[in-house]
Amino acid sequence: IFFTFEPTKTWIGAAIRYELARTDKPYSGLVSAQAFSLDRLIMYNRLIIPALQAGKKIIQDRSVSTSIAYQPAMDDSIKQDELLKLPGNALAMKHAPDLLVLTDLEPEDIADRINNRNDDNKGVYQDVEFMKKISERYRAEWYSQLFLDHGSSVHTFDTRVTKQTMTINFIKLLETIF
């Protein structure tokens, strides 16, 4: 089993974490989408596709599902159909997840959790109004349908509960998957 996350912590992913997420000099949705797509393209070609071909299981934290929600909501510089055509995103959708787990949490709680982090790459994600736009996109019927149309099952995971309850529920979810 491989556990992956995006952005990665090397190469393009490092630039995304520490440059593109800056609030003092924000980048457009288009630039962010291109950077995430390139980071994703490299990870899929170097790790995910070879692992899948070898029969491995992949558990991803974020990926194209997050780009679909975030980058078009940043500004009007990229539309969803353009985002899906970017090479890394197209490759990720070609290898759509068997199961997409969407976490459900109120935007105010998301912002609070991000603000309480000890790292310095909080970026634009701590803004409650922005998180409201993202939450609407994740909860929209078209969003789940996009993944259902690519053969994915979609599961919503309630993260409004205590950390202990969330851990128990997540273990149960993993047990059903494996």
Side-chain angles (χ1 to χ4, degrees), residues 1-10 13 16-17 33 36-37 39-73 80 83-84 86 88-119 121-122 125-126 130-178:
I1 299 174
F2 286 101
F3 290 89
T4 68
F5 55 88
E6 294 182 21
T8 60
K9 289 202 174 186
T10 59
I16 292 169
R17 287 177 179 277
F36 273 98
S37 177
D39 189 43
R40 188 168 296 127
L41 181 67
I42 293 168
M43 184 168 59
Y44 268 75
N45 283 323
R46 294 185 87 185
L47 175 67
I48 293 177
I49 293 172
L52 290 171
Q53 291 170 340
K56 305 294 183 193
K57 298 276 187 196
I58 309 288
I59 297 177
Q60 290 183 274
D61 182 2
R62 295 180 291 263
S63 189
V64 71
S65 60
T66 304
S67 286
I68 292 167
Y70 277 74
Q71 276 93 51
Q80 183 168 308
L83 180 125
L84 290 169
L86 293 172
N89 298 342
L91 186 60
M93 290 306 288
K94 182 179 176 186
H95 298 277
D98 294 329
L99 173 66
L100 176 65
V101 178
L102 302 173
T103 56
D104 189 20
L105 188 64
E106 294 304 316
E108 294 81 6
D109 295 327
I110 295 168
D112 285 344
R113 287 184 184 183
I114 291 171
N115 284 325
N116 289 325
R117 286 184 186 166
N118 289 330
D119 60 14
N121 64 342
K122 299 172 187 177
Y125 312 112
Q126 61 192 0
F130 182 64
M131 295 315 300
K132 285 179 181 177
K133 285 201 267 186
I134 301 308
S135 182
E136 287 176 24
R137 292 179 66 82
Y138 275 125
R139 292 173 178 169
E141 186 177 323
W142 65 262
Y143 182 89
S144 292
Q145 191 62 51
L146 176 66
F147 285 92
L148 291 168
D149 291 347
H150 281 83
S152 302
S153 297
V154 179
H155 177 81
T156 301
F157 188 78
D158 187 1
T159 57
R160 296 171 289 182
V161 295
T162 66
K163 191 173 184 178
Q164 181 181 7
T165 301
M166 194 177 359
T167 301
I168 291 167
N169 291 343
F170 194 71
I171 290 169
K172 287 178 185 176
L173 177 61
L174 287 177
E175 287 172 346
T176 64
I177 295 169
F178 295 109

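Just the heavy atoms: all of them, side chains too, but no hydrogens, waters or symmetry mates, feed the values below.
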- Item | Closest non-hydrogen atom pair between Y44 and S63, with its separation | OH-OG, 3.6 Å

- Derivation and outcome, side chain to side chain contact (heavy atoms under 4.5 Å, CB included), residues L91 and I49: CA-CA 10 Å; L91 186 60; I49 293 172; 3.7 Å; yes

- Message: The criterion is ring-ring contact (aromatic ring centres under 6.0 Å, His included); which residues satisfy it with Y143, sequence neighbours excluded?
- Response: Y138, F147

- Rounded to the nearest 0.5 angstrom, the CG-CD distance for L86 and Q71 is 9.0 Å

- Item | All salt bridge (charged side-chain N to carboxylate O under 4.0 Å, His left out) counterparts of K132, not counting sequence neighbours | E108, E129

- For A69 and I134 the tightest heavy-atom approach is O-CD1, 3.5 Å

- Note on the structure: Heavy atoms of P72 and S67 approach each other most closely as CD-O, 3.3 Å

- Taking the side chain from T167 and the backbone from K163, do they hold a donor-acceptor pair closer than 3.5 Å? yes

- Query: Any idea which heavy atoms bring A33 and L83 closest together, and the distance?
  - Reply: CB-CD1, 3.8 Å

- Query: I58 pairs by side-chain contact (heavy atoms from CB on, under 4.5 Å) with which of L47, L52, I1?
  - Reply: L52

- Taking every non-hydrogen atom, the tightest pair across S37 and G88: OG-N, 2.8 Å

- Quick one: list whatever passes side-chain contact (heavy atoms from CB on, under 4.5 Å) with T159, sequence neighbours left out. T103, L105, R113, F157, M166

- So salt bridge (Lys or Arg N to Asp or Glu O under 4.0 Å) across residues 136-152, not counting sequence neighbours, yields D104-R139, E106-R139

- Query: Applying salt bridge (Lys or Arg N to Asp or Glu O under 4.0 Å), which residue pairs with at least one partner in residues 40-57 are found, sequence neighbours left out?
  - Reply: E6-R40

Could you pull out all donor-acceptor pairs under 3.5 Å where a side-chain atom in residues 168-177 meets a protein atom, sequence neighbours excluded?
| from | atom 1 | to | atom 2 | distance (Å) |
| --- | --- | --- | --- | --- |
| N169 | ND2 | T165 | O | 3.4 |
| T176 | OG1 | L173 | O | 2.6 |

- Interatomic distance, T10 atom OG1 to M43 atom CE [nearest 0.5 angstrom]: 9.5 Å

- Item | Within 6.0 angstrom of N45 CG, more than 12 heavy atoms from elsewhere | yes

- Between M93 and L84, does a side chain to side chain contact (heavy atoms under 4.5 Å, CB included) hold up when you go through it step by step? CA-CA 8 Å; M93 290 306 288; L84 290 169; 4.0 Å; yes

- What are the two closest heavy atoms between R17 and T8, and how far apart are they? NE-O, 3.3 Å

- Enter the distance from K9:NZ to D39:CG here, rounded to the nearest 0.5 Å. 12.5 Å

- Distance-only, no hydrogens or angles: does the S152 side chain make a donor-acceptor pair with backbone N or O of V154 under 3.5 Å? no

- Note on the structure: d(Y70 OH, R62 CZ) to nearest 0.5 Å is 8.5 Å

